[in-house]
Amino acid sequence: MKIGYPCINSTLKCRSSSTFRLKNYSEERLIPTITNNLNCLEKILKFNVDHRILFFRITSDLIPFGSHPVMDFNWQEYFKAKFQAIGNYIKKNFIRISMHPGQYTVLNSINDKVFKNSLNELIYHTDILDLLELNRTAKIITHVGGVYNDKANSIRRFIKRYNALDKRIKQYYVIENDDKSFNISDCLAISEQTGIPVIFDVYHHECNTTTEMVQDVLKKVIKTWKPEDGLPIIHYSSEHLIKGKCRHADSININHFKNFIESSQNYDFDIMIEIKNKESSALQAINAILNDERLNIDS
DNA sequence: TCACGTCAAGCAGAT
DNA sequence: ATCTGCTTGACGTGA
(Lines give C-alpha, C1' and ligand atoms only; values in the text may rest on other atoms or scores of the structure.)
Protein backbone atom coordinates (compact mmCIF):
# COMPACT_ATOMS: atom_id res chain seq x y z
CA MET A 1 0.00 0.00 0.00
CA LYS A 2 1.27 3.41 -1.03
CA ILE A 3 -0.35 6.71 -0.11
CA GLY A 4 -0.08 9.80 -2.26
CA TYR A 5 -1.47 13.19 -3.26
CA PRO A 6 -2.11 15.06 -6.49
CA CYS A 7 -0.02 17.51 -8.48
CA ILE A 8 0.89 20.29 -6.06
CA ASN A 9 3.22 20.42 -3.09
CA SER A 10 2.35 23.35 -0.86
CA THR A 11 5.49 23.16 1.29
CA LEU A 12 7.94 23.64 -1.55
CA LYS A 13 8.17 27.03 -3.17
CA CYS A 14 7.92 25.76 -6.72
CA ARG A 15 5.12 24.66 -9.04
CA SER A 16 5.28 22.07 -11.79
CA SER A 17 2.34 23.74 -13.53
CA SER A 18 3.40 27.38 -14.12
CA THR A 19 0.67 29.52 -15.64
CA PHE A 20 1.16 29.83 -19.37
CA ARG A 21 -1.39 31.61 -21.53
CA LEU A 22 -2.20 30.94 -25.12
CA LYS A 23 -1.58 34.48 -26.25
CA ASN A 24 1.89 34.37 -24.71
CA TYR A 25 2.80 31.22 -26.56
CA SER A 26 6.28 31.23 -28.06
CA GLU A 27 9.20 28.83 -28.08
CA GLU A 28 11.27 31.36 -26.12
CA ARG A 29 8.76 31.29 -23.29
CA LEU A 30 7.92 27.63 -23.59
CA ILE A 31 11.37 26.15 -23.02
CA PRO A 32 12.13 27.91 -19.71
CA THR A 33 8.62 27.19 -18.46
CA ILE A 34 8.89 23.46 -19.17
CA THR A 35 12.43 23.41 -17.70
CA ASN A 36 11.10 25.02 -14.55
CA ASN A 37 8.16 22.60 -14.37
CA LEU A 38 10.38 19.54 -14.75
CA ASN A 39 12.87 20.81 -12.18
CA CYS A 40 10.03 21.37 -9.76
CA LEU A 41 8.60 17.91 -10.43
CA GLU A 42 12.00 16.50 -9.53
CA LYS A 43 12.06 18.48 -6.27
CA ILE A 44 8.56 17.31 -5.37
CA LEU A 45 9.47 13.68 -5.97
CA LYS A 46 12.54 14.04 -3.76
CA PHE A 47 10.46 15.69 -1.05
CA ASN A 48 8.01 12.80 -1.32
CA VAL A 49 10.69 10.13 -1.01
CA ASP A 50 12.15 11.93 2.01
CA HIS A 51 8.71 11.84 3.59
CA ARG A 52 7.88 8.27 2.61
CA ILE A 53 5.21 9.34 0.14
CA LEU A 54 5.52 6.88 -2.72
CA PHE A 55 2.49 7.69 -4.81
CA PHE A 56 2.09 10.90 -6.81
CA ARG A 57 -0.14 12.35 -9.51
CA ILE A 58 1.78 14.37 -12.07
CA THR A 59 -0.03 17.53 -13.18
CA SER A 60 -1.53 17.65 -16.66
CA ASP A 61 -0.12 21.18 -16.98
CA LEU A 62 3.47 19.91 -16.97
CA ILE A 63 3.80 20.79 -20.66
CA PRO A 64 1.65 23.87 -21.33
CA PHE A 65 -0.56 23.28 -24.39
CA GLY A 66 0.98 19.84 -24.71
CA SER A 67 -2.02 18.61 -26.72
CA HIS A 68 -3.04 21.91 -28.34
CA PRO A 69 -2.73 22.63 -32.10
CA VAL A 70 -0.60 25.67 -31.24
CA MET A 71 2.19 23.36 -30.04
CA ASP A 72 4.76 23.25 -32.83
CA PHE A 73 7.77 22.44 -30.68
CA ASN A 74 9.15 18.92 -30.33
CA TRP A 75 9.27 18.99 -26.54
CA GLN A 76 9.37 15.19 -26.46
CA GLU A 77 12.76 15.19 -28.17
CA TYR A 78 14.14 18.34 -26.54
CA PHE A 79 13.47 17.14 -22.97
CA LYS A 80 14.00 13.44 -23.55
CA ALA A 81 17.08 13.12 -21.32
CA LYS A 82 15.45 15.08 -18.51
CA PHE A 83 12.36 12.87 -18.58
CA GLN A 84 14.57 9.81 -18.57
CA ALA A 85 16.45 11.05 -15.50
CA ILE A 86 13.21 11.73 -13.64
CA GLY A 87 11.89 8.33 -14.72
CA ASN A 88 15.01 6.65 -13.37
CA TYR A 89 14.52 8.38 -10.04
CA ILE A 90 10.89 7.22 -9.97
CA LYS A 91 11.84 3.62 -10.68
CA LYS A 92 14.79 3.58 -8.31
CA ASN A 93 12.57 4.69 -5.45
CA PHE A 94 9.53 2.55 -6.38
CA ILE A 95 7.26 5.56 -6.78
CA ARG A 96 3.80 4.92 -8.26
CA ILE A 97 2.72 7.54 -10.79
CA SER A 98 -0.72 8.52 -12.04
CA MET A 99 -2.12 11.31 -14.21
CA HIS A 100 -5.65 12.67 -14.43
CA PRO A 101 -6.62 14.59 -17.58
CA GLY A 102 -9.11 17.34 -16.78
CA GLN A 103 -12.80 17.80 -17.40
CA TYR A 104 -12.30 18.60 -21.07
CA THR A 105 -11.25 15.08 -21.90
CA VAL A 106 -14.53 13.42 -22.88
CA LEU A 107 -13.90 10.29 -24.90
CA ASN A 108 -17.60 9.57 -25.43
CA SER A 109 -18.54 13.13 -26.47
CA ILE A 110 -21.22 13.55 -29.12
CA ASN A 111 -19.21 16.49 -30.45
CA ASP A 112 -16.58 15.23 -32.85
CA LYS A 113 -14.15 18.05 -32.13
CA VAL A 114 -14.33 17.35 -28.40
CA PHE A 115 -13.70 13.69 -29.13
CA LYS A 116 -10.63 14.51 -31.23
CA ASN A 117 -9.29 16.91 -28.62
CA SER A 118 -9.74 14.17 -26.04
CA LEU A 119 -7.74 11.74 -28.12
CA ASN A 120 -4.94 14.28 -28.37
CA GLU A 121 -5.06 14.79 -24.63
CA LEU A 122 -4.73 11.03 -24.04
CA ILE A 123 -1.81 10.88 -26.46
CA TYR A 124 -0.13 13.78 -24.66
CA HIS A 125 -0.43 12.05 -21.28
CA THR A 126 0.78 8.78 -22.78
CA ASP A 127 3.81 10.59 -24.24
CA ILE A 128 4.81 11.76 -20.77
CA LEU A 129 4.60 8.29 -19.21
CA ASP A 130 6.45 6.79 -22.18
CA LEU A 131 9.21 9.42 -21.90
CA LEU A 132 9.56 8.57 -18.22
CA GLU A 133 9.92 4.94 -19.37
CA LEU A 134 7.47 3.66 -16.78
CA ASN A 135 5.58 0.39 -17.07
CA ARG A 136 1.82 -0.11 -17.16
CA THR A 137 1.45 0.29 -13.40
CA ALA A 138 1.54 4.03 -14.15
CA LYS A 139 -2.04 5.08 -14.84
CA ILE A 140 -3.98 7.73 -16.76
CA ILE A 141 -7.40 8.24 -15.22
CA THR A 142 -10.54 9.82 -16.64
CA HIS A 143 -14.24 9.64 -15.90
CA VAL A 144 -16.52 7.95 -18.41
CA GLY A 145 -17.76 11.27 -19.82
CA GLY A 146 -21.13 12.79 -20.67
CA VAL A 147 -24.59 11.20 -20.47
CA TYR A 148 -26.40 13.33 -23.09
CA ASN A 149 -29.79 12.12 -21.79
CA ASP A 150 -29.04 8.60 -22.97
CA LYS A 151 -26.80 6.69 -20.64
CA ALA A 152 -26.97 3.33 -22.43
CA ASN A 153 -25.87 4.82 -25.72
CA SER A 154 -23.22 6.96 -24.08
CA ILE A 155 -21.74 3.88 -22.45
CA ARG A 156 -21.84 2.04 -25.77
CA ARG A 157 -20.04 4.96 -27.42
CA PHE A 158 -17.39 4.96 -24.69
CA ILE A 159 -16.75 1.24 -25.13
CA LYS A 160 -16.52 1.51 -28.91
CA ARG A 161 -14.03 4.36 -28.69
CA TYR A 162 -12.04 2.75 -25.91
CA ASN A 163 -11.69 -0.46 -27.95
CA ALA A 164 -10.40 1.56 -30.89
CA LEU A 165 -7.65 3.25 -28.85
CA ASP A 166 -4.02 2.56 -29.62
CA LYS A 167 -2.43 -0.12 -27.40
CA ARG A 168 0.10 2.47 -26.28
CA ILE A 169 -2.74 4.44 -24.62
CA LYS A 170 -4.71 1.43 -23.39
CA GLN A 171 -1.81 0.08 -21.31
CA TYR A 172 -2.15 3.12 -19.01
CA TYR A 173 -5.81 4.01 -19.33
CA VAL A 174 -8.26 3.41 -16.47
CA ILE A 175 -11.67 4.86 -15.54
CA GLU A 176 -13.08 6.20 -12.30
CA ASN A 177 -16.64 6.63 -10.98
CA ASP A 178 -17.71 10.28 -10.87
CA ASP A 179 -19.94 12.21 -8.50
CA LYS A 180 -23.00 12.62 -10.70
CA SER A 181 -23.11 10.78 -14.02
CA PHE A 182 -21.48 7.36 -14.04
CA ASN A 183 -21.48 5.51 -10.73
CA ILE A 184 -19.32 2.55 -9.78
CA SER A 185 -21.81 0.00 -11.19
CA ASP A 186 -21.67 1.73 -14.58
CA CYS A 187 -17.86 1.61 -14.48
CA LEU A 188 -17.84 -2.07 -13.51
CA ALA A 189 -20.23 -2.87 -16.36
CA ILE A 190 -17.89 -1.09 -18.79
CA SER A 191 -14.95 -2.97 -17.34
CA GLU A 192 -16.69 -6.30 -17.87
CA GLN A 193 -16.97 -5.59 -21.57
CA THR A 194 -13.55 -4.01 -22.08
CA GLY A 195 -11.24 -5.31 -19.37
CA ILE A 196 -10.38 -1.75 -18.37
CA PRO A 197 -9.31 -1.45 -14.70
CA VAL A 198 -11.59 0.66 -12.50
CA ILE A 199 -10.55 3.18 -9.89
CA PHE A 200 -12.95 3.38 -6.98
CA ASP A 201 -13.43 6.92 -5.67
CA VAL A 202 -14.79 6.38 -2.20
CA TYR A 203 -16.11 9.90 -1.85
CA HIS A 204 -17.74 10.13 -5.28
CA HIS A 205 -19.44 6.90 -4.33
CA GLU A 206 -21.02 8.60 -1.33
CA CYS A 207 -22.44 11.27 -3.67
CA ASN A 208 -23.38 9.03 -6.58
CA THR A 209 -24.13 5.83 -4.82
CA THR A 210 -25.49 2.41 -5.60
CA THR A 211 -27.42 0.08 -3.35
CA GLU A 212 -24.37 -2.13 -2.83
CA MET A 213 -22.25 -2.14 0.30
CA VAL A 214 -18.83 -0.49 -0.02
CA GLN A 215 -17.07 -3.76 0.83
CA ASP A 216 -18.88 -5.62 -1.95
CA VAL A 217 -18.06 -2.87 -4.40
CA LEU A 218 -14.41 -2.88 -3.34
CA LYS A 219 -14.16 -6.60 -3.97
CA LYS A 220 -15.50 -6.25 -7.52
CA VAL A 221 -13.33 -3.22 -8.28
CA ILE A 222 -10.18 -4.98 -7.18
CA LYS A 223 -10.93 -7.85 -9.55
CA THR A 224 -10.72 -5.48 -12.53
CA TRP A 225 -6.97 -5.04 -11.94
CA LYS A 226 -4.54 -7.51 -13.50
CA PRO A 227 -1.17 -8.11 -11.81
CA GLU A 228 0.72 -6.19 -14.50
CA ASP A 229 -1.43 -3.11 -13.84
CA GLY A 230 -0.06 -2.94 -10.30
CA LEU A 231 -2.06 -2.68 -7.12
CA PRO A 232 -5.59 -1.29 -7.54
CA ILE A 233 -5.87 2.46 -6.94
CA ILE A 234 -8.45 3.98 -4.62
CA HIS A 235 -9.24 7.70 -4.52
CA TYR A 236 -10.04 8.94 -1.08
CA SER A 237 -11.62 12.16 0.19
CA SER A 238 -14.23 13.25 2.67
CA GLU A 239 -16.92 15.89 2.85
CA HIS A 240 -16.12 19.57 3.28
CA LEU A 241 -17.13 20.51 6.83
CA ILE A 242 -18.90 23.74 5.87
CA LYS A 243 -19.69 23.48 2.18
CA GLY A 244 -20.95 19.90 2.55
CA LYS A 245 -22.66 18.00 -0.28
CA CYS A 246 -20.02 16.38 -2.43
CA ARG A 247 -17.40 19.07 -2.03
CA HIS A 248 -13.86 17.97 -1.23
CA ALA A 249 -12.63 18.64 2.28
CA ASP A 250 -9.89 21.18 3.06
CA SER A 251 -8.14 18.85 5.46
CA ILE A 252 -8.27 15.18 6.20
CA ASN A 253 -10.66 13.69 8.75
CA ILE A 254 -8.33 11.15 10.33
CA ASN A 255 -11.03 9.14 12.04
CA HIS A 256 -12.99 8.82 8.83
CA PHE A 257 -9.81 7.71 7.08
CA LYS A 258 -8.87 5.17 9.75
CA ASN A 259 -12.36 3.72 9.62
CA PHE A 260 -12.04 3.23 5.90
CA ILE A 261 -8.62 1.62 6.26
CA GLU A 262 -9.80 -0.70 9.01
CA SER A 263 -12.94 -1.68 7.14
CA SER A 264 -10.93 -2.70 4.09
CA GLN A 265 -8.19 -4.68 5.76
CA ASN A 266 -8.75 -7.73 3.60
CA TYR A 267 -7.45 -5.88 0.55
CA ASP A 268 -4.27 -4.15 -0.51
CA PHE A 269 -4.31 -1.11 -2.79
CA ASP A 270 -2.72 2.32 -3.30
CA ILE A 271 -4.58 5.41 -2.09
CA MET A 272 -4.66 8.85 -3.68
CA ILE A 273 -5.69 11.39 -1.05
CA GLU A 274 -7.67 14.09 -2.90
CA ILE A 275 -7.80 16.78 -0.27
CA LYS A 276 -7.00 20.47 -0.66
CA ASN A 277 -4.03 20.67 1.64
CA LYS A 278 -2.22 18.07 -0.44
CA GLU A 279 0.92 16.53 1.05
CA SER A 280 -0.12 17.55 4.54
CA SER A 281 -3.12 15.22 4.43
CA ALA A 282 -1.08 12.47 2.81
CA LEU A 283 1.47 12.69 5.63
CA GLN A 284 -1.23 12.62 8.28
CA ALA A 285 -2.79 9.63 6.58
CA ILE A 286 0.50 7.74 6.54
CA ASN A 287 1.21 8.58 10.16
CA ALA A 288 -2.26 7.47 11.19
CA ILE A 289 -1.74 3.93 9.91
CA LEU A 290 1.97 3.35 10.45
CA ASN A 291 1.18 0.05 12.15
CA ASP A 292 -0.77 -1.26 9.21
CA GLU A 293 1.36 -4.01 7.74
CA ARG A 294 0.16 -3.24 4.21
CA LEU A 295 2.26 -0.04 4.34
CA ASN A 296 5.39 -2.11 4.69
CA ILE A 297 4.83 -4.54 1.88
CA ASP A 298 7.06 -3.71 -1.07
CA SER A 299 5.35 -4.14 -4.39
C1' DT B 1 2.01 48.95 -6.60
C1' DC B 2 -2.05 46.58 -6.22
C1' DA B 3 -6.74 44.80 -7.17
C1' DC B 4 -9.32 42.22 -9.87
C1' DG B 5 -10.82 40.07 -14.24
C1' DT B 6 -9.38 36.46 -16.86
C1' DC B 7 -7.43 32.07 -18.36
C1' DA B 8 -7.95 26.37 -24.14
C1' DA B 9 -11.26 23.29 -23.53
C1' DG B 10 -17.13 20.24 -21.41
C1' DC B 11 -20.67 18.72 -18.90
C1' DA B 12 -24.37 18.49 -15.38
C1' DG B 13 -27.13 20.50 -12.03
C1' DA B 14 -28.52 24.48 -9.45
C1' DT B 15 -30.23 29.18 -9.46
C1' DA C 1 -30.35 31.79 -19.47
C1' DT C 2 -26.52 32.08 -16.50
C1' DC C 3 -23.58 30.44 -12.84
C1' DT C 4 -20.85 26.85 -10.28
C1' DG C 5 -17.98 22.86 -9.53
C1' DC C 6 -14.68 19.90 -11.09
C1' DT C 7 -9.91 22.59 -10.87
C1' DT C 8 -7.08 26.33 -9.36
C1' DG C 9 -4.10 29.69 -8.47
C1' DA C 10 -1.34 33.14 -10.93
C1' DC C 11 -0.73 36.36 -14.60
C1' DG C 12 -1.31 40.76 -16.74
C1' DT C 13 -3.88 44.75 -17.42
C1' DG C 14 -5.44 49.09 -15.93
C1' DA C 15 -6.27 52.25 -12.12
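Computation of the quantities below employed the complete heavy-atom set of this structure, encompassing side-chain atoms and omitting hydrogens, waters and symmetry-equivalent molecules. We name chains A, B, ... by the order of the sequence lines, and we start the count at 1 in each one. What you see is a predicted model; the values in this text were computed from it and never measured.
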>> Nearest to the side chain of A/Y104, heavy atoms from C-beta on, is which of B/dA12, C/dA10, B/dG10?
In response: B/dG10
> Nearest-Å distance, NE2 (A/H204) to C1' (B/dG13)?
Replying inline: 15 Å
> Just how far, in rounded Å, is C1' of B/dA14 from CG of A/D179?
Replying inline: 14 Å
> Separation of A/N120 atom CG from B/dA9 atom P, in whole Å?
Replying inline: 15 Å
> P atom, B/dG5 versus C/dT4: distance in rounded Å?
Replying inline: 13 Å
>> Without decimals, in angstroms, what is the distance between A/K23 NZ and C/dT13 P?
In response: 5 Å
> Considering only the P atoms, how many Å lie between C/dG12 and B/dA8, rounded to the nearest integer?
Replying inline: 11 Å
>> Please tell me if A/N24 has a side-chain N or O lying less than 4.0 Å from either OP1 or OP2 of C/dG12.
In response: yes
>> What is the separation between atom CG on A/D61 and atom P on B/dA9, rounded to the nearest whole Å?
In response: 14 Å
> Which of the following nucleotides, C/dA10, B/dG10, B/dG13, is nearest to the side chain of A/K180?
Replying inline: B/dG13
> With both distances under 3.5 Å as the test, what is the Watson-Crick or G-U wobble partner of B/dA9?
Replying inline: none
> Roughly how many Å is it from CZ in A/R21 to C1' in B/dC7, rounded to a whole number?
Replying inline: 5 Å
> In whole angstroms, how far is the C1' atom of B/dA8 from the NE2 atom of A/H68?
Replying inline: 5 Å
>> Over all strands shown, is A/S109 touching base, sugar-phosphate only, or nothing at heavy-atom distances under 4.0 angstrom?
In response: sugar-phosphate
>> Students often mix this up, so state it plainly: with edges at 30° and 60°, are the rings of A/F56 and A/Y5 parallel, tilted or perpendicular?
In response: perpendicular
>> Expressed as a whole number of angstroms, how long is the span from A/N36:CG to C/dC11:C1'?
In response: 14 Å
>> Once you apply a heavy-atom cut-off of 4.0 Å, does A/V70 come out as touching a base, just sugar-phosphate, or nothing?
In response: nothing
> Should the pair A/Y236 and A/F257 be assigned to parallel (<30°), tilted (30 to 60°) or perpendicular (>60°) ring geometry?
Replying inline: perpendicular
>> Would you measure the distance from the C1' atom in C/dC3 across to the matching atom in B/dT6 and give it in whole Å?
In response: 16 Å
> Using 4.0 Å as the upper bound for N to carboxylate O, is an ion pair formed by A/D166 and A/K170?
Replying inline: no
> Is the phosphate of B/dC11, meaning OP1 or OP2, less than 4.0 Å from a side-chain N or O of A/Y148?
Replying inline: yes
>> At less than 4.0 Å, is any side-chain N or O atom of A/K278 found next to OP1 or OP2 of C/dT8? Yes or no.
In response: yes
>> Pairing check on C/dT7: which nucleotide meets the Watson-Crick or G-U wobble criteria with it, both distances under 3.5 Å?
In response: none
> Do the side chains of A/L129 and A/I86 join up, straight or via other hydrophobic residues, at under 4.5 Å, putting them in one cluster?
Replying inline: yes
> Which glycosidic conformation, syn or anti, is assigned to C/dT7 if syn requires a torsion within 90° of zero?
Replying inline: anti
>> Tell me whether A/R168 is salt-bridged to A/D127, with the criterion being a basic N under 4.0 Å from an acidic carboxylate O.
In response: yes
> Taking a pair as Watson-Crick or G-U wobble with both distances under 3.5 Å, which nucleotide is matched to B/dT15?
Replying inline: C/dA1
> Base, sugar-phosphate alone, or nothing: which one does A/G102 contact when heavy atoms must sit under 4.0 Å apart?
Replying inline: nothing
>> Can you work out whether A/I8 or A/R29 has the more 5'-proximal nearest nucleotide on DNA chain C?
In response: A/I8
>> Using 0.5 Å steps for rounding, measure from the CZ atom of A/R29 to the CG atom of A/N24.
In response: 4.0 Å
>> Whether A/R57 contacts C/dT7 is assessed here as follows: a side-chain N or O lying under 4.0 Å from the phosphate OP1 or OP2. Is that the case?
In response: no
> If only side-chain N and O atoms of A/R15 are considered, is one of them under 4.0 Å from the OP1 or OP2 phosphate oxygen of C/dG9?
Replying inline: no
> A/V114 has a side chain; which of C/dC11, B/dG10, B/dA12 sits nearest to it?
Replying inline: B/dG10
